[in-house]
Amino acid sequence: MALKAFLDANILLDFLLKRENYSVSRKVVALAVEGRIVAYVTPAIIHIVGYWLTKAYGSKKTKELLLTLLTDIRVIDISHDMTIMALNSKIDDIEDALQYYSALANKLDYFISSDKKFQKLAIPSLPVVPPEYFINSVINTSPN
C-alpha cells in the first residue's frame, strides 16, 4: 500500500511557482502522479496556494493548475473536535496546527514541509519531514 503524505503549502508553491526548491518539490508531486504515494491537502492549502498563484498567473490559469493538481492529490478536512485539539496544541501557528491535525485525524504517514521550525513540533506518529528527506530516506529506502 502506498504511503499517505500531506503536502504543506510550501511544497506546492515551490513546485507551481518554480521557486528555489522547485526540483525537489517537483519530485514529491511526481510521486503522487505516479501513484507511488497518496498525497493530501486541505481546502485551506488550496486557498493559500490559490492566492499566490492568482497573483502570479491570474485566476483562469490558477484554476486550471489547481484542477490539474487535484487529479492526483486528495482533499481532506478536519472535524470540529480536532479543530479544538489543534488550537489547544503546542503548535503556535494556527494554520500549521490545523493542517497537522487534519493529517493526524486522517491517519497519514508523513507530513511534508520545508518549514524547519514546524518539523521540530511533530509527534512520532506523524513526522514532519522536509521533501529531501522524504525522497532520500523514505522513498528511496522503501521496498516499492
Side-chain angles (χ1 to χ4, degrees), residues 1-58 61-79 81-83 85-144:
M1 183 149 116
L3 290 172
K4 298 182 292 184
F6 189 92
L7 306 184
D8 201 1
N10 54 53
I11 303 301
L12 297 180
L13 288 169
D14 288 348
F15 170 64
L16 293 165
L17 294 174
K18 296 186 178 176
R19 300 190 314 189
E20 184 179 343
N21 292 321
Y22 167 76
S23 179
V24 69
S25 295
R26 182 185 56 76
K27 289 177 185 176
V28 171
V29 172
L31 291 169
V33 171
E34 295 162 4
R36 293 184 61 200
I37 66 169
V38 182
Y40 297 87
V41 295
T42 61
I45 295 291
I46 297 302
H47 177 260
I48 293 163
V49 172
Y51 172 82
W52 291 106
L53 291 181
T54 299
K55 288 176 84 75
Y57 301 130
K61 179 69 174 174
T62 295
K63 286 182 178 184
E64 291 171 10
L65 288 168
L66 291 173
L67 287 167
T68 299
L69 197 64
L70 291 178
T71 61
D72 297 301
I73 296 176
R74 309 284 310 155
V75 177
I76 57 174
D77 218 339
I78 189 170
S79 70
D81 290 341
M82 285 302 280
T83 301
M85 289 177 67
L87 293 173
N88 282 315
S89 75
K90 66 180 177 180
I91 302 171
D92 289 333
D93 184 298
I94 293 171
E95 182 252 324
D96 284 344
L98 293 170
Q99 304 315 322
Y100 190 74
Y101 275 74
S102 294
L104 273 174
N106 286 275
K107 298 178 173 52
L108 304 189
D109 301 309
Y110 289 91
F111 191 109
I112 305 171
S113 177
S114 299
D115 185 337
K116 289 179 179 27
K117 180 181 170 192
F118 186 35
Q119 292 164 14
K120 295 175 184 173
L121 299 173
I123 60 174
S125 63
L126 181 60
V128 177
V129 298
E132 301 86 356
Y133 176 88
F134 184 76
I135 291 168
N136 297 329
S137 298
V138 177
I139 296 300
N140 289 340
T141 60
S142 292
N144 285 2

Just how far is it from atom CG of Leu3 to atom CD1 of Ile139, taken to the nearest 0.5 Å?
5.0 Å
Locate the shortest heavy-atom distance separating Val28 from Ile37; write the atom from each residue and the value.
O-CD1, 4.0 Å
Separation between CZ of Phe134 and CG of Asp109, rounded to the nearest 0.5 Å:
8.0 Å
Heavy-atom pair with the smallest gap, counting every atom of Ile91 and Ala97:
CG2-N, 3.7 Å
Could you walk me through whether Ile11 and Val24 pass the side chain to side chain contact (heavy atoms under 4.5 Å, CB included) test, one step at a time?
CA-CA 9 Å; Ile11 303 301; Val24 69; over 6 Å; no
Residues two or more places apart in sequence or in another chain: which of them pass ring pair (Phe, Tyr, Trp, His ring centres under 6.0 Å) with Phe111?
Phe6, Tyr100, Phe118
Closest heavy-atom contact between Ile78 and Met82?
CG1-CB, 3.4 Å
Can you list everything that forms a side-chain hydrogen bond (donor to acceptor under 3.5 Å, both in side chains) with Asn10? Sequence neighbours excluded, please.
Asp8, Ser113
What heavy-atom pair brings Ser114 and Pro131 nearest, and what distance separates the two atoms?
OG-CD, 3.7 Å
With sequence neighbours left out, the residues meeting side-chain hydrogen bond (donor to acceptor under 3.5 Å, both in side chains) with Ser102 are none
Nearest-0.5 Å distance, CG of residue Asp115 to CG of residue Asp93:
7.5 Å
Distance from Ile135 atom CD1 to Ile112 atom CD1, nearest 0.5 Å?
7.5 Å
Quick check: do Val128 and Leu121 have side-chain heavy atoms less than 4.5 Å from each other?
no
Between Leu108 and Ile76, does the side chain to side chain contact (heavy atoms under 4.5 Å, CB included) criterion hold? Intermediate values first, please.
CA-CA 11 Å; Leu108 304 189; Ile76 57 174; 4.0 Å; yes
Atom pair CG/CD1 of Leu69 and Ile73 - distance to nearest 0.5 Å:
3.5 Å
For Leu16 and Leu65, the nearest pair of non-hydrogen atoms, with its separation, is CD2-CD2, 4.3 Å
Taking all non-hydrogen atoms of both residues, which atom of Thr54 and which atom of Thr62 are closest, and how far apart?
N-OG1, 3.1 Å
Using modelled atom types only, decide if a donor and an acceptor are shared between the side chain of Lys4 and the backbone of Lys107 within a distance under 3.5 Å.
yes
Apply the test side chain to side chain contact (heavy atoms under 4.5 Å, CB included) to residues Leu53 and Leu17: give CA-CA distance (whole Å), side-chain angles for both, the deciding distance (0.1 Å), then the verdict.
CA-CA 7 Å; Leu53 291 181; Leu17 294 174; 3.6 Å; yes
Where at least one partner belongs to residues 14-30, residue pairs that pass side chain to side chain donor-acceptor pair (under 3.5 Å), sequence neighbours excluded
Asp14-Arg19
Pairs where residues 39-51 contributes a residue and the test side chain to side chain donor-acceptor pair (under 3.5 Å) is met, not counting sequence neighbours
Thr42-Gln99
Test: side chain to side chain donor-acceptor pair (under 3.5 Å). Region: residues 116-125. Which pairs qualify, not counting sequence neighbours?
none
How long is the straight-line distance from CE of Met85 back to CG of Leu98, given to the nearest 0.5 Å?
12.5 Å
Check the surroundings of atom CG in Leu87: do more than 12 heavy atoms from other residues, nucleotides or ligands lie under 6.0 Å from it?
yes
